[in-house]
Each structure stands twice: as structure tokens, then as C-alpha cells.
Amino acid sequence: MTAGEEKTEQQIPIEGEDITPKKDGGVLKLVKREGKEDDTPMTGDKVYVHYTGVLLDGTKFDSSRDRDEYFIFDLGKGEVIKAWDIAVATMKIGEVCQIICKPEYAYGSAGSPPKIQPNATLVFEIELYEIKAEDLTENEDGGITRRIRKKGESYSKPNEGASVEVHLEGKYQGTVFDSRDVSFIIGEGEEVDIPAGIEKALQEMEKGEEAIISLKPKYGFGEAGKPKFHIPSDACLVYEVVLKNFEKAKESWEMNIDEKLEQAAIVKEKGTANFKCGKYKQATVHYKKIVSWLEHESGLSEELLKQSNALRLAAHLNLAMCYIKMDENLQAVENCEKALELDANNEKALFRMGEARLAMSDYELAKANFQKIVQLYPNKAAKMQIGICQKKIKEQLDREKKIYAKMFPKFTSTDAKEVPKTKSEKDAAVEEENKENLDEGGKGEPMETDTNHKSQELDASA
């Protein structure tokens, strides 16, 4: 007799509560040990269990305990047999139960040879150890987690730019601070006091879905908090969200070039409005759309190419300015490089690249940017920046000389024919050097630029 064949004499009694939605007796559950908590898993939760599987005659065909490792799966995602998704959703942490699964809720008419024959009824003993909410962040840092209280109606989900209608209730330390129905555009949620983490979560939700979304500070209101809602700095938030309805935005491949140019001009104005309000991160969302829509277009007429390049140039220039404001200078340099690919001598691109490099202490490269501007344009601000770069370069060289002198005092004193310092003189020199290093440890001197100069303005062209 093979392991998958059932014996004539049944050894395991058919008993337990019918837990199938249809009440067709397909999954019977018998609790052997009550759980420790009231919470049960929700759709999408990651669950950690131990199990042993046997046939009705008691023949064991599988056990996680034999492998001495938990079996882990995402509940309600079809990763396991139907009986498991149904049964584990009813369990509490610490609970041990037995489930008896008819073939249609297990491996059906196909079975799972060689251990499980076709149309086999299976018996599992399952113990639930842990429940973890679904992590929605790209790098899985646990900053946005979701628990699905009610599954949605379809597989379609909102995208960036989609119009959504939601009901939400935000809680901080158990106290409700925001409860309302609200409609907005994904990517513009900040304008109606919706945290970035909720916008991200909505793009993973289906129409009609009810979910509990937990946000760490980075994805909530961050260091600034939200005085309007009495939310302090670095607060963890919990939202209950219902996606009532949505209309997807057209994807890039669904738009023709005229539509892309029209939409690019609209979002450019939105980005500029955000920038003027100091919402730099929100502004970058809009400018990035322009780049994504237009950067791969080809075969355009001369007139359309001119419009497209003008919008892309403006987007990269404005992104660079936003990143400088946010002290993300490497990204600012990258966008300046993209702008210079479109216009090799663009004054704003060269100036902002110089600013970003100066902030990163790349003084020689920054000076080269400002020198090129002076060669091409009558730019007083760039001349001033060259002076600042030269001062920084000199300070850097002086520090290197002092470090060299400390490392090789014998040679440096011989070469320079220096008179040995007294102890007090040495102490004074060390104190002076420490002072200089401390000054350089911060942000450095403020840049004395002409803030009214056109290279400092957002690009409003196109």
C-alpha cells in the first residue's frame, strides 16, 4: 500500500465545526488548544505556523516540525490549499487546531503524487505562532504595513495620478485625529493633509477594500508633525481606510504626444505652485512625471520636439533646484547633467550644478562650473562663487599641509627649517587647528549669491 492510499478502516473520526463560507462541510475545524489573544490573521498577513499532515488512516505525509522550521505564507493570496486560507484566518496566536479537508479544498482530483493520491481527504494539525502585517514599502523597512479587513472587488488598483474617493480615520496613540470622506488625486494628497504612506498604500488597494494601514514617522507626517491635527514630531500613525471608488489615470503608453505635452504643462504649473509653498518633495513628484512621459519619445516633428525638450529641460532644472533645497545634492547634480544634455551651455544648469557640488565639498568641480558660466555670461553671482570655491580650496590645502606636518614632522621641519615650538606654542597650534576643523564640520559659510539672479529662479519656460 502506498503512502497516499487510504485504508479501508478509517482511523481518524470525521468531526469538527464546518468553517467553509458555503457550509458544504469541505473544511471541519476542531480546536485542541485555545489561543492566547483575540486577534486573528487578515488577508495579506504573513503567518508563521507549525503543522503535521496525515491521511484519514493516520499515515503522515508531511510535517514542518520534522524540519524544525516554521512554515510561512501570506494569508488569502492563494499560496496554500483553500482549506488553509480558510482555517488559518479563524485562528488566534497560540491556538492548536485540527482541520479535515475534503479533496476540493485540498489537492482535488489531481492529488499530489506520490504521497497524496487523487481525491484524498487530508487531516492537518496546525499551531499558529505569529502574525505579521503586510509590508508595502519597496525596501521592506516596515514603514507602511497593511492589514486587509475586507477584500476588494477586483484586481484593478489606482495608479499615480488616479482620482480616488476614500473614507479614512486616522488615529494617534488610539485617539482619532482625522475622520472624513475625501476625494483627491494620487500624488497630490499632501494638499488635503493625506500622508505619503497612505497614497502609497492606496496604490495597492482594490475598490471596496477596507484596510488598516500603519505608518512609521517617515511615511506619516515626519519630523514636522501636523499641528493642524495636534500630531507631534516623529509620530507613528494608524489609519483605517476604505477605497470607495477610483478612476485610473492614463498610463504613459495610453497617451499620444499631444496629450503628454498638454498634461506635462499642467503638472509643471502644479510643481511650481508646490515649490513656492516650500513643498519641495511634492514638487518633485510633478516634475518627475514630465520626465517619465517625454524622455523616451522619438520620431517627433521639429515643432513637437522643440516643445518636448523645453518641458524636459524645465523639469530637470526645477528638480535640481528642489533637490538643492532638500540637501539632496547628488540628485541635483544628476538632473543638471540631464539638463546639460539638452542645452550644453545652460546657465541655470551650470550654476545649480556648481551650487550642489560646493555643498558636497567638490570645490574644484564647482569652481569649474562657475568659471564656465563667467566665460559665457555676465554673471556676478558666479564670480562670487568662484571666490568662495578658491577660499575653500585654500583652506583644504592648508589642512592637508598640517596633517602632513603631523605625520612627518622630521622631514617637514628640516625642509622648512622651522624653529621647534615650545609646549605652549604647540598647544596653541593644536587648539587653532581644532577650531578650524570644527568650523568646517558644519554646513560651511552661507553662499553669498545674488538671489535675484535669473540662474536662481525656477525655470518657467515652456
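None of these values were measured; they are calculated from a predicted model.
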Can you tell whether the side chains of [X] and [Y] come within less than 4.0 Å, N to carboxylate O?
| X | Y | value |
| --- | --- | --- |
| K171 | E240 | yes |
| K226 | D178 | no |
| D181 | K244 | yes |
| E127 | R65 | yes |
| R312 | E295 | no |
| D62 | R67 | yes |
| E209 | R146 | yes |

Apply salt bridge (charged side-chain N to carboxylate O under 4.0 Å, His left out) to residues K29 and E95 and explain how you reach the verdict. CA-CA 12 Å; K29 178 185 175 185; E95 178 181 320; 2.9 Å; yes
Just say parallel, tilted or perpendicular for the rings of F124 and W84, cut-offs at 30° and 60°.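 Geometry flag for W84 against F124: perpendicular rings.
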Ring geometry between F229 and F221 (parallel below 30°, tilted from 30 to 60°, perpendicular above 60°):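 Plane angle between 30° and 60°, so tilted.
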Taking all non-hydrogen atoms of both residues, which atom of [X] and which atom of [Y] are closest, and how far apart?
| X | Y | value |
| --- | --- | --- |
| L75 | P41 | CD2-CB, 3.5 Å |
| R180 | D193 | NH2-O, 3.6 Å |
| V49 | L128 | CG1-CD1, 3.8 Å |
| K268 | A314 | CE-CB, 3.6 Å |
| E165 | S183 | CG-OG, 3.4 Å |
| A264 | I290 | O-CD1, 3.5 Å |

[Y] backbone acceptor or donor facing [X] side chain under 3.5 Å:
| X | Y | result |
| --- | --- | --- |
| Y287 | T272 | yes |
| D24 | G26 | yes |
| R149 | I212 | no |
| E259 | N256 | yes |
| E140 | T137 | no |
| N369 | F351 | no |
| E79 | D74 | yes |

For the atom pair [atom1] ([X]) and [atom2] ([Y]), what is the distance rounded to the nearest 0.5 Å?
| X | Y | atom1 | atom2 | result |
| --- | --- | --- | --- | --- |
| I186 | I198 | CD1 | CD1 | 10.0 Å |
| N159 | E247 | CG | CD | 10.5 Å |
| E130 | Y70 | CD | OH | 7.5 Å |
| M255 | Q263 | CE | CD | 6.5 Å |
| K92 | I131 | NZ | CD1 | 11.0 Å |

Would you please test F184 and V164 for side-chain contact (heavy atoms from CB on, under 4.5 Å) and show each step? CA-CA 6 Å; F184 62 96; V164 298; 3.8 Å; yes
Should we say atom [atom1] of [X] is surrounded by more than 12 heavy atoms from elsewhere, each under 6.0 Å from it?
| X | atom1 | answer |
| --- | --- | --- |
| D66 | CG | yes |
| K23 | NZ | yes |
| E254 | CD | yes |
| E400 | CD | yes |
| K279 | NZ | yes |
| E15 | CD | yes |
| K77 | NZ | yes |
| K151 | NZ | yes |

So do [Y] and [X] actually touch side chain to side chain, heavy atoms under 4.5 Å?
| X | Y | answer |
| --- | --- | --- |
| H286 | E188 | yes |
| V166 | V242 | no |
| D234 | E223 | yes |
| V88 | F73 | yes |

Would V333 and M360 satisfy side-chain contact (heavy atoms from CB on, under 4.5 Å), going step by step from the backbone distance to the final call? CA-CA 10 Å; V333 170; M360 293 191 295; 3.7 Å; yes
Test H316 against every option in N346, D343, N335 by the side chain to side chain donor-acceptor pair (under 3.5 Å) rule and name the one that passes.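 Output: one option passes, namely N335.
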Could you please spell out the steps behind the side-chain contact (heavy atoms from CB on, under 4.5 Å) verdict for N245 and K207? CA-CA 6 Å; N245 202 359; K207 181 181 176 182; 3.6 Å; yes
Under 3.5 Å, is there a donor-acceptor pair linking the side chains of [X] and [Y]?
| X | Y | result |
| --- | --- | --- |
| D327 | N329 | yes |
| D141 | Y219 | yes |
| K248 | S156 | no |

Are I14 and L56 close enough, and set up right, to give a side-chain contact (heavy atoms from CB on, under 4.5 Å), and what steps lead you there? CA-CA 9 Å; I14 304 296; L56 279 177; 3.7 Å; yes
Among T121, D57, V54, the one residue meeting side-chain contact (heavy atoms from CB on, under 4.5 Å) with I12: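 Single pass found, and it is V54.
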Only one of I185, V285, I144, I194 forms a side-chain contact (heavy atoms from CB on, under 4.5 Å) with E199, so which one is it?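 Testing E199 for a side-chain contact (heavy atoms from CB on, under 4.5 Å) against I185, V285, I144, I194 leaves exactly one candidate, I194.
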Tell me, please, which residues at least two apart from S179 pass side chain to side chain donor-acceptor pair (under 3.5 Å).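 Partners of S179 under the side chain to side chain donor-acceptor pair (under 3.5 Å) test: none.
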Mind running ring pair (Phe, Tyr, Trp, His ring centres under 6.0 Å) on Y129 and H50 for me, showing each step along the way? CA-CA 8 Å; Y129 284 85; H50 263 314; 5.5 Å; yes
